[in-house]
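Positions are given from 1, in the same order as the sequence printed here. Computed over heavy atoms, backbone and side chain alike; hydrogens, waters and symmetry mates excluded. Indexing begins at 1, ligand by ligand and atom by atom, following the structure's order.
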Amino acid sequence: MAVPPTFTGFHTRAVHAGARPDPQTGSRAMPIHQTTSYVFEDAESAAAYFNLQEYGNTYSRIMNPTVAAFEERVANLEGGVGGVAFASGLAAQNAALFTLLEPGDHVLASAALYGGSVTQFKHVLRKMSVELDFVDPDDLQAWQKGIKSNTKLCFGETIGNPSGCIFDIEAIAEIAHAAGVPLMIDNTFATPYLCQPLKFGADIVVHSATKFMGGHGTSIGGVVVESGEFDWSNGRFPVIAEPSPAYHGLKFHETFGTFGYLMKLRSETLRDLGACMSPFNAFMLAQGIETLPLRMRQHVSNAKAVAAHLQQCDAVTAVHYAGLDGSRYADLVAKYLPEGPGAVFCFDLAGGRQAGIKFIENLSLFSHLANVGDAKSLVIHPATTTHRQLNDTELAASGIGPGTIRVSIGIEDAQDLIADIDYALAQLTEIKA
Ligand code: PLP
């Protein structure tokens with residue numbers, strides 16, 4: 001007898017994972033369960049849900065069927081055991097950290113992170129009395145040396161925002177694991193279509209789904225996915241392995257095994273910090289993911305064309321796109337991002353700050369705004385906007401100069417993007433370097 005096929009292709013999963021036709025109405029599109037709460041079948045099942053003896057909907061701050069469909073879709077594409085969605089990428093990151101850190105712990109993070117993440121790490125961790133060190137993401141010895149007896153987490157971005165550096169996930173996962181420490185990766189710029197960090201040994205992946213995942217610049221959201229393979233009972237994480245005072249003495253790792261971290265993330269952290277994703281945003285983001293592979297291919301192909309063109313322009317002193325021939329990251333791109341290192345990158349204008357401002361003002365197809373990963377092409381001057389909270393040393397560590405421009409290349413026609421850039425560059429002639 002013929003065995004029914006299993007559908008494993010990435011494109012197929014992007015369209016179908018997490019969702020199925022609604023059994024009650026037949027609705028083919030994912031229904032939006034715009035409800036705060038759920039009627040219990042009886043008193044016994046209500047008690048079982050609250051005791052975590054059975055998995056069921058109680059209240060939409062903690063779980064919701066539309067949000068669950070989004071979580072399952074992302075977890076499936078990342079190759080994780082599950083996911084928990086949040087109101088934004090930073091809410092997801094904050095919750096992921098909060099779940100495993102205690103006062104006195106230490107975090108080792110890449111110095112080349114999104115400016116908002118640097119600010120979050122510095123100030124939220126200080127308020128939690130958690131020590132923090134930033135290290136050069138390319139310096140493996142610095143990672144090795146940076147791990148201390150109280151280190152609980154290593155953290156980096158697959159593709160650094162905005163420097164475009166490529167994180168050596170496998171090498172840093174090995175260093176972290178040798179010390180019994182997990183590696184968390186922000187995979188926002190790559191998306192699971194270009195890279196799946198869990199395959200290379202990362203333990204937790206976080207996303208700002210606001211960007212390429214949603215893809216249309218309509219909805220803010222974030223998500224945390226776990227591999228389920230990290231041994232939280234290795235002695236370093238009593239916070240997950242030992243009885244939890246926040247859940248009447250429950251031992252999350254022992255009780256839920258591979259789901260221990262995620263269960264704690266949902267049933268304690270999401271419950272207590274409360275930054276849940278709205279069902280409507282879950283619908284919008286899951287809808288966006290249906291076309292993720294198609295969009296990412298066009299984003300990358302356009303980014304390669306625009307970066308190659310910029311390299312030829314006199315007003316441009318450097319183009320920091322790891323997809324260009326001769327990039328110092330070529331080997332890491334071949335290993336982790338064989339289809340290309342995304343579509344967000346920076347370039348430096350010879351005329352510094354003044355040229356940066358004038359260039360942006362003369363673009364018309366590119367939108368000047370603080371976002372990336374939209375179908376539309378976007379541009380910003382990081383030193384005066386997204387990264388203005390950072391001091392000069394931190395700016396330099398993030399690979400940013402006064403004339404640096406960050407672009408997020410959309411899915412329009414490459415020749416139109418190049419025409420827009422050429423016009424804006426031509427207006428810089430009187431500005432001297
Ligand atoms: N991670 C990266 C790499 C980002 O670029 C951003 C936002 O720009 C975030 C996280 C934060 O995401 P959100 O704006 O959804 O909170």
| task | Would you check whether Gly89 has a nitrogen or oxygen atom less than 3.5 angstrom from a nitrogen or oxygen atom of ligand 1? | result | yes
| said: Taking the side chain as everything from C-beta on, heavy atoms only, tell me whether Phe347 gets closer than 4.5 Å to Gln311. | reply: no
| message | Can you tell me if Lys148 has over 12 outside heavy atoms packed within less than 6.0 Å of its NZ? | response | yes
| said: Heavy-atom count check: over 12 atoms from other residues, nucleotides or ligands less than 6.0 Å from Phe256 CZ? | reply: yes
| query | Nearest protein heavy-atom contact for atom 1 (N) of ligand 1: which residue, which atom, what distance? | reply | Asp186 OD2, 2.6 Å
| Leu153 versus Leu108: any side-chain heavy-atom pair under 4.5 Å? | no
| Are any of the side-chain heavy atoms of Pro65 and Tyr38 separated by less than 4.5 Å? | yes
| task | Establish, from distance only, whether the side-chain atoms of Glu412 and Asn302 form a donor-acceptor pair under 3.5 Å. | result | no
| query | Can you list the atoms of ligand 1 that are under 4.0 Å from a heavy atom of Thr188? | reply | 1 (N), 3 (C)
| Protein heavy atom at shortest distance from atom 15 (O) of ligand 1 | Thr210 OG1, 2.6 Å
| request: Consider every N or O of Ser208 and every N or O of ligand 1, then say whether any pair is closer than 3.5 Å. | output: yes
| Residue and atom name of the nearest protein heavy atom (relative to atom 14 (O) of ligand 1), distance in Å to one decimal | Lys211 NZ, 3.9 Å
| Which protein non-hydrogen atom lies closest to atom 16 (O) of ligand 1, naming both residue and atom, and how far is it? | Leu90 N, 2.8 Å
| Side-chain donor-acceptor pair under 3.5 Å between His33 and Thr66, yes or no? | no
| said: Please check whether Phe189 reaches ligand 1 - meaning an N/O of the residue sits under 3.5 Å from an N/O of the ligand, judged on distance alone. | reply: no
| said: Between Thr99 and Thr269, is the side-chain hydrogen bond (donor to acceptor under 3.5 Å, both in side chains) condition met? List the steps. | reply: CA-CA 6 Å; Thr99 302; Thr269 311; 2.7 Å; yes
| task | Please indicate whether any nitrogen or oxygen in Ser117 is less than 3.5 Å from any nitrogen or oxygen in ligand 1. | result | no
| query | Tell me: protein heavy atom nearest atom 5 (O) of ligand 1, and distance? | reply | Asn161 ND2, 2.9 Å
| note | If we number the atoms of ligand 1 from 1 as shown, the ones under 4.0 Å from a heavy atom of Glu157 are 3 (C)
